[in-house]
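Just below is one structure, and these are the notes that go with it.
We count ligands from 1, going down the list as the structure has it; atoms in each ligand are counted the same way. Both backbone and side-chain heavy atoms feed into the values below; hydrogens, waters and symmetry mates do not.
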Amino acid sequence: MKRMLYSGSFDPMTLGHYDIIKRGAKMADELIIGIISSITKTPMFSLEERKEMIQAQVADLPNVKVDVFEGLLVEYIREKDIQVVLRGLRSAMDFEYEIQMAQVNAMLYDKMETVFLMTDQRYSYISSSAVKEVFSFGGRVEDMVPEKVYEFICRKYQMK
Ligand code: COA
């Protein structure tokens with residue numbers, strides 16, 4: 001079975017992430033979305049909330065599973081018998097960061113591959129931080145996150 005991991009902090013999941021997930025799901029027998037708590041970022045949503053939002057959004061993608069993990073990515077993929085890590089690229093800036101991460105991971109575990117998908121240009125400006133910033137100033141975020149994530153945000157913050 002070809003298992004692929006798409007990991008990130010997903011705080012919250014954006015339309016860009018969702019696009020990569022839908023496309024990645026076609027490339028593997030099983031795609032695992034691995035939510036990780038970033039040590040450098042203050043989260044807006046708990047890991048459980050993020051898992052709930054993502055699970056609701058991917059419910060109609062039968063080969064997509066959602067999990068939470070901590071520690072080194074390579075330890076997680078070794079344990080779960082995952083062979084491929086999927087990443088999205090939005091810009092040259094992402095590339096600089098991603099190539100370094102892919103090379104460090106490959107040095108730590110040489111049985112894995114990292115594959116990159118170009119983000120759909122409609123979403124190249126979106127990031128989780130942008131969603132949080134726009135939201136914190138009362139701006140519209142429904143064009144930046146998928147439907148179920150938006151519903152969750154509305155419920156949590158009791159918006160109409
Ligand atoms: N569409 C929209 N936004 C995207 C995106 C896409 N396709 N791809 C990435 N982003 C955004 C994310 O929303 C995030 O935004 P933010 O900085 O505003 O929160 C930003 O780009 C960075 O995302 P990502 O690269 O996924 O970083 P992350 O912090 O969410 O996750 C891990 C990084 C978890 C993959 C990485 O830190 C990791 O593997 N950690 C485990 C520890 C480890 O093994 N370290 C050694 C590796 S060197």
Knowing that exactly one of V115, I21, L5, T114 qualifies, which makes a side-chain contact (heavy atoms from CB on, under 4.5 Å) with L86?
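For L86, the side-chain contact (heavy atoms from CB on, under 4.5 Å) test succeeds with only one of V115, I21, L5, T114, which is V115.
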Do you know which of V66, D11, V68 makes side-chain contact (heavy atoms from CB on, under 4.5 Å) with R50?
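The single option meeting the side-chain contact (heavy atoms from CB on, under 4.5 Å) with R50 is D11.
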Compute both the distance and the angle, then confirm whether R90 meets the cation-pi test with Y123: under 6.0 Å from the six-membered ring centre, within 45 degrees of the axis.
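That pair does not qualify as a cation-pi contact.
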Where does ligand 1 get N/O contacts under 3.5 Å from the protein, atom by atom?
from, atom 1, to, atom 2, distance (Å)
ligand 1, 3 (N), I126, O, 3.2
ligand 1, 7 (N), T119, OG1, 3.2
ligand 1, 13 (O), H17, NE2, 3.2
ligand 1, 13 (O), S128, N, 3.1
ligand 1, 13 (O), S128, OG, 2.8
ligand 1, 17 (O), K41, NZ, 3.0
ligand 1, 18 (O), S129, N, 2.7
ligand 1, 18 (O), S129, OG, 2.4
ligand 1, 19 (O), K41, NZ, 3.1
ligand 1, 21 (O), R90, NH2, 2.8
ligand 1, 25 (O), R87, NH2, 2.6
ligand 1, 26 (O), R87, NH2, 3.2
ligand 1, 29 (O), K41, NZ, 3.0
ligand 1, 30 (O), S9, N, 2.7
ligand 1, 30 (O), S9, OG, 2.6
ligand 1, 44 (O), L73, N, 2.8

Between Y157 and F135, is the ring centre distance below 6.0 Å?
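Yes, the ring centres sit under 6.0 Å apart.
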Salt bridge present between R140 and D143 (N-O < 4.0 angstrom):
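A salt bridge links R140 with D143.
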On the 0 to 90° scale, with breaks at 30° and 60°, tag the Y76-F69 ring pair as parallel, tilted or perpendicular.
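Taking F69 first and then Y76, their aromatic rings lie parallel (interplane angle under 30°).
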